[in-house]
Amino acid sequence: MNSLRHSRLHTPISRTNFPKLTFFLHTQTTPSQHSNPSTNPCQNLDITHVSQLIAKQHWSEIKTLLKPTSPTTFLQLLFNYGTDPELILSFFKWSQLHFKVSHCLEHYCRLFHLLASAKKYRKIRSLLCVFVRIERYSCSSVFHTLLNFSDRVSDNSVIVDMLILAYVNNCDVGLALEGFERAGDYGFRLSVLSCNPLLNLVVKEGKFRAVEVLYKEMIRRRIELNLISFNIVINGFCKAGKLQKASDVVEDMKVWGIEPSVITYNTLIDGYCKKGRTGKMFKADALLKEMVANKISPNEVTYSILIDGFCKDGSVSAAVRIFKEMQAQQFTPCVVAYNALINGHCRDGEIDKALVLRDEMVVSGLQPDLVTFNALINGLCKKSMLKEAKELFDCIAKEGLYANVISFNTLIDAYCKAGELEEAIKLRSRMLDQMVIPNVSTYNCLIDGYSKKGNPETASKLLDEMKYKGLSPNVVTYNIRVDALCNKGRSRDAVKLLDEMIDAGLRPSHTTYNIVMDGYCREGNLRAALNVRRRMETQGLRPNTVTYNVLLKGLCEKGKLEDANTYLNQMLEKGLIPNKVTYDIVREGMMEKGFVPDIDGHIYTSSVST
DNA sequence: TTAGGGTTAG
């Protein structure tokens, strides 16, 4: 590192050791500022005049001055004359645009330093914005060159901090992370101004392991973390489902003397709502009580999170209570709160209630947005009300909104499920007309539609077309293919697809294994189904309610009620909550055996006998 | 510079 600092590539040039440049600014007429024109080859240069021309942006005259030389030499001259850095920047950018000049790294770094010395930080940010967009230098080469011009840690640190922020703003997470790492090696001090946006980008990109590494490294380098830094890290852990680690960060922030804010609590509550296990809504509710006890008032975001959480947990009635509580607390529900509840009703099959809510929001002066439309279209589709769904879809444009890929996919899926494949294909063409690009989900809907309607050749062609367009099959694509094979009684071939998935870098999900288990059960091969369950557990996936439902169904259909009962108890012991499907399976199994079920909403324990 | 809502597989 030290050797780097001492091996200057360029010695800053003072006016006294001015190099012998070979061009003259032949149009200028004012006297040169230089006292010794006989030794100065640019004796006719009037830097004041040139500066004025740049300041007034008289580029046509500058262009004439440049004729005998090149923009790069002219820039060098401006540097050497100690011209105002803002004027150099002006010329730098103009020459980039006008002559498509690719300025060298040395000139960039020299200008960064001049601007840093003059504390023109906004200008540095603006130049860095261009720099990261058009230049492809490694962080090390930039750091190395910066050090060649100055070893002032404060200036270099500010520039590097802004460079990392520029990478982040350019969504270049790779270079931003490299910059963060190398900055540590070079001893540059970073701030939350770059680290917080970097942390946030890493969370948004789902690189959760990197969040933890960054957080620990920020603490190790004694970077002054603030409330926002902690909140972003907590959000990262929550999104990764690492709720305990998120809670640990809350303790860390308290040690730093920073108290959790409403955003901290909202982030945690949302984490529990989305990733928590059994009883997650109790935990979310407990957090709500804790925040109130700590004198932090819930806001509209808190309520929206809880409404959505309860809806997704299958308890729309609880979500409605929260919605009313929100109103009782003098909060006017916002579009997000309405949308969460509208979607809850739609998923519950209660389209009328959803439409009433939509009307209510309009009366209260809120304009339904695209999310409202998409949720309602989906609700109508799931009730097989395709005509109404299509009419609502056409209303999107009338409201001045633009249908997006989700709007189209929802409708395409509905047409596929209804067997109206030609309509689905027509919609895909309409997507392209409206500049909406089909994504993997679009293809998944179509592939599933064609697979299920007995046209596997078209399904296969669509798969090839999707790959040809640069879209990689995702877990859902494989699940559709696995399902198609299982439906043909080819569960053994479906298992082979699991290996293909892993080779493609994808991780089979609960659903993947559940589909294969269901396939084997339908083939009557319970032993193979149980083998798949073991494989699933080996992969670190714990059986979920659907897994048990699939196996229970397999056992009931084979008349093995005793075994089914054992499984049911095992499911309860593992803290899994039976759902409506579980009850239906067991009830049907009992009926088949001539028993009259008397569950009334209660699950059997050991009362089942054969 | 930090938190919330909509689509596909079972």
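Labels below follow one simple rule: chain letters A, B, ... track the order of the sequence lines, proteins then strands, and each chain is numbered from 1.
- Here the side chain of A:D308 is nearest to one of B:dT7, B:dG10, B:dG6, namely B:dG6.
- Counting non-hydrogen atoms under 4.0 angstrom, A:N439 reaches nothing in the nucleic acid.
- Regarding A:Y443, its OH atom lies at a distance of 16 Å from the C1' atom of B:dT7, rounded to whole Å.
- The stretch residues 412-432 of chain A touches DNA chain B through A:D413, A:K417, each having a heavy atom within less than 4.0 Å of the strand.
- Using a 4.0 Å cut-off, some side-chain N or O of A:K312 falls inside it from OP1 or OP2 of B:dG6.
- Residue A:N378 places at least one side-chain N or O under 4.0 Å from the OP1 or OP2 atom of B:dT7.
- Across B:dA9, B:dT7, B:dG4, the shortest atom-to-atom separation from the side chain of A:I406 is found for B:dT7.
- No hydrogens or angles considered: nothing links the side chains of A:N549 and A:K553 as a donor-acceptor pair under 3.5 Å.
- Here the shortest heavy-atom pairing between A:E224 and A:V192 reads O-CG1, 2.9 Å.
- Closest to the side chain of A:E300, out of B:dG4, B:dT1, B:dT7, is B:dG4.
- In this structure, A:L370 reaches the bases: a heavy-atom distance under 4.0 Å links it to at least one base atom across the strands shown.
- Side chains of A:N444 and A:S441: no donor on one and acceptor on the other come within 3.5 Å.
- If you take CD1 of A:I258 and C1' of B:dT2, they are 13 Å apart, rounded to a whole angstrom.
- No engagement by A:N514 is indicated, since no non-hydrogen atom pair under 4.0 Å with the nucleic acid exists.
- Counting any heavy atom pair closer than 4.0 Å across all strands shown, A:V482 reaches no nucleic acid atom.
- Proximity note for A:V301 (side chain, C-beta onward) versus B:dG4, B:dG6, B:dG10: the nearest is B:dG4.
- A cation-pi arrangement is absent between A:R492 and A:Y520, since the terminal nitrogen or guanidinium carbon is not both under 6.0 Å from the aromatic centre and inside a 45° cone about the axis.
- Closest contact between the side chain of A:V476 and the listed nucleotides B:dG4, B:dT7, B:dA9 involves B:dA9.
- Looking at heavy-atom distances under 4.0 Å, A:T511 makes contact with a base.
- Of all nucleotides listed (B:dA9, B:dT8, B:dG10), B:dA9 comes nearest to the side chain of A:S509.
- Considering only side-chain atoms of A:C445, the nucleotide from B:dT8, B:dA3, B:dT7 that sits closest is B:dT8.
- Between the CG atom of A:L471 and the P atom of B:dT7 there is a distance of 20 Å, given to the nearest Å.
- A donor N or O paired with an acceptor N or O is found under 3.5 Å between the base of B:dG6 and the side-chain atoms of A:N374.
- Taking 3.5 Å as the limit, the base of B:dT7 and the side chain of A:T410 contain no donor-acceptor pair of atoms between them.
- Listed nucleotides B:dA9, B:dA3, B:dT1 differ in distance to A:I515; the shortest reach to its side chain belongs to B:dA9.
- Taking the six-membered ring wherever Trp is involved, the centroid distance between the rings of A:F393 and A:F373 does not fall below 6.0 Å.
- Nucleic acid contact class of A:C334 (heavy atoms, under 4.0 Å, all strands): base.
- Taking 4.0 angstrom as the limit, A:N479 places none of its side-chain polar atoms (N or O) nearer than this to OP1 or OP2 of B:dG10.
- Counting only residues at least two apart or in different chains, side-chain hydrogen bond (donor to acceptor under 3.5 Å, both in side chains) contacts with residues 340-352 of chain A are absent.
- Side-chain atoms of A:Q329 and A:Y303 form no donor-acceptor pair, as typed in the model, at a separation below 3.5 Å.
- Side chain to side chain, A:S229 and A:N226 meet the donor-acceptor criterion of an N or O pair below 3.5 Å.
- The stretch residues 224-247 of chain A comes close to DNA chain B through A:I228, A:N231, A:I232, A:N235, A:K239, each having a heavy atom under 4.0 Å from the strand.
- Here A:N299 lies in heavy-atom contact (under 4.0 Å) with a base.
- Taking the charged nitrogens against the carboxylate oxygens, A:E212 and A:K245 do have a contact shorter than 4.0 Å, which makes a salt bridge.
- As judged by a 4.0 angstrom heavy-atom cut-off over every strand, A:N549 is placed among residues making no nucleic acid contact.
- Contacts of A:S304 with the nucleic acid, taken as non-hydrogen atoms under 4.0 Å apart, include base atoms.
- Both tests hold for A:K283 against A:Y272: distance to the six-membered ring centre under 6.0 Å, angle to the ring axis within 45°.
- A salt bridge does not link A:K398 with A:D394: none of the charged nitrogens is closer than 4.0 Å to a carboxylate oxygen.
- Taking only side-chain nitrogens and oxygens, A:K204 comes nearer than 4.0 Å to OP1 or OP2 of B:dA3.
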